[in-house]
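Each remark here refers to the structure printed beneath this line.
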Amino acid sequence: MATVQVSEAEKVYILHGIRDDLRVDGRGCEDYRHMEVETDVVSNTDGSAKVTLGHTAVLVGVKAEIGKPKPMIPNEGYLEFFVDCSANATPEFEGRGGEELGTELSNTLYKVFNNQHSLDLRSLCISPGEHCWVLYVDVL
């Protein structure tokens, strides 16, 4: 991910906040933001959810389609991710900023979920080498 430059004054501000158990928004260091989860919010998907945490909202839709297994793993299905960081969310996402972050997040999600330790991808196999479920996960 992109490296964030923090000035000495910002470092002192952050460290004093930690010492005094105070965040910028007035919460204590261990206080959590209010979270809301809504499901089935997008009608043309097989599953969807909207999660709101503080002032951040993430919308996820999942579509399942029958596909062909990858040759190297003929007895597994797989997931494909697409993350769109909308320019409407923050000016930082204008131009290619959101596109680069979206690609990086998509790649990270792929690494996390397309392995046997996170999800049993064999359960997505219909017939080895012939058909499998492919889950397309779109994140906004």
Side-chain angles (χ1 to χ4, degrees):
M1 286 203 174
T3 304
V4 177
Q5 298 293 327
V6 179
S7 71
E8 286 302 316
E10 289 172 310
K11 289 178 189 175
V12 169
Y13 180 77
I14 292 168
L15 290 172
H16 284 214
I18 293 168
R19 182 191 67 207
D20 297 337
D21 189 36
L22 187 64
R23 296 181 191 218
V24 176
D25 61 4
R27 291 180 293 133
C29 290
E30 294 188 16
D31 293 341
Y32 62 91
R33 293 182 187 138
H34 176 72
M35 181 173 62
E36 289 182 28
V37 178
E38 300 172 62
T39 58
D40 297 324
V41 293
V42 181
S43 61
N44 63 341
T45 63
D46 294 306
S48 63
K50 178 183 175 188
V51 177
T52 305
L53 181 63
H55 296 293
T56 301
V58 177
L59 180 63
V60 178
V62 179
K63 285 195 143 204
E65 292 184 3
I66 295 177
K68 188 165 180 65
K70 295 180 179 179
M72 300 297 284
I73 43 175
N75 61 339
E76 294 182 2
Y78 56 96
L79 291 86
E80 294 286 338
F81 293 93
F82 175 74
V83 178
D84 180 19
C85 298
S86 172
N88 294 333
T90 177
E92 295 172 21
F93 293 160
E94 288 181 12
R96 298 190 55 83
E99 184 179 322
E100 290 171 3
L101 179 59
T103 300
E104 196 167 328
L105 290 171
S106 295
N107 292 338
T108 301
L109 288 168
Y110 182 83
K111 288 175 189 172
V112 169
F113 287 102
N114 273 304
N115 67 70
Q116 56 186 295
H117 303 292
S118 295
L119 199 60
D120 182 10
L121 298 173
R122 290 172 297 173
S123 67
L124 299 176
C125 181
I126 299 170
S127 62
E130 297 288 326
H131 301 95
C132 69
W133 287 108
V134 181
L135 303 180
Y136 294 96
V137 182
D138 292 321
V139 182
L140 174 62

Could you go through residues 40-47 and list every donor-acceptor pair under 3.5 Å that involves a side-chain atom there, pairing it with any protein atom two or more places apart or in another chain?
from  : atom 1 : to    : atom 2 : distance (Å)
Thr45 : OG1    : Val42 : O      : 3.0
Thr45 : OG1    : Gly47 : O      : 3.2
Asp46 : OD2    : Ala64 : N      : 2.6

Quick check: closest heavy atoms across Thr52 and Lys50, and the distance to 0.1 Å? OG1-CE, 3.7 Å
Donor-acceptor contacts under 3.5 Å from residues 14-23 side chains, at least two apart:
from  : atom 1 : to    : atom 2 : distance (Å)
Asp21 : OD1    : Cys29 : N      : 2.8
Arg23 : NE     : Gly28 : O      : 3.1
Arg23 : NH2    : Cys29 : O      : 2.6

Heavy-atom closest pair (Ser118 atom, Phe113 atom, distance to 0.1 Å) is CB-CA, 4.0 Å
Met35 with Val58, same ILVMFWY side-chain cluster at under 4.5 Å: no
Taken to the nearest 0.5 Å, the spacing of Leu135 CG from Leu124 CG works out to 5.0 Å
What residue pairs, at least two apart or across chains, pass salt bridge (Lys or Arg N to Asp or Glu O under 4.0 Å) with a residue in residues 110-132? Asp120-Arg122
Do Val62 and Val134 sit in one hydrophobic cluster, given that two such residues count as connected whenever their side-chain heavy atoms are within less than 4.5 Å of each other, even indirectly? no
Apply salt bridge (charged side-chain N to carboxylate O under 4.0 Å, His left out) to Arg27 and list each qualifying residue two or more places apart in sequence or on a separate chain. Asp25
Among all residues two or more places apart in sequence or in another chain, which pass the salt bridge (charged side-chain N to carboxylate O under 4.0 Å, His left out) test with Glu8? Lys11
Residue pair Ile66, Trp133: steps toward the side-chain contact (heavy atoms from CB on, under 4.5 Å) verdict: CA-CA 5 Å; Ile66 295 177; Trp133 287 108; 3.7 Å; yes
Can you see which heavy atom on Arg33 is nearest to which on Gly54, and at what distance? CD-CA, 3.8 Å
Filter on side-chain hydrogen bond (donor to acceptor under 3.5 Å, both in side chains), then keep only pairs touching residues 59-70, sequence neighbours left out; what's left? Lys70-Tyr110
Side-chain contact test, heavy atoms from C-beta onward, threshold under 4.5 Å: evaluate it for Asp84 versus Asp138 and give yes or no. no
Of all the heavy-atom pairs spanning Cys125 and Pro74, show the shortest one and how long it is. SG-O, 4.1 Å
Within this structure, what is the CG-OG distance for the pair Leu101 and Ser106, rounded to the nearest 0.5 Å? 9.0 Å
Quick one: pull up CZ in Phe82 and OG1 in Thr103 and give me the separation to the nearest 0.5 Å. 8.0 Å
Value rounded to 0.5 Å, distance of OG1 in Thr108 from CZ in Phe81: 10.5 Å
Are any non-hydrogen side-chain atoms of Leu119 and Leu79 less than 4.5 angstrom apart? yes
Start with the C-alpha distance between Asn114 and Leu121, add both sets of side-chain angles, then the distance that settles side-chain contact (heavy atoms from CB on, under 4.5 Å), and finish with yes or no. CA-CA 8 Å; Asn114 273 304; Leu121 298 173; 4.0 Å; yes
Under a 4.5 Å side-chain heavy-atom rule over Ile, Leu, Val, Met, Phe, Trp and Tyr, are Val112 and Val83 clustered together? yes
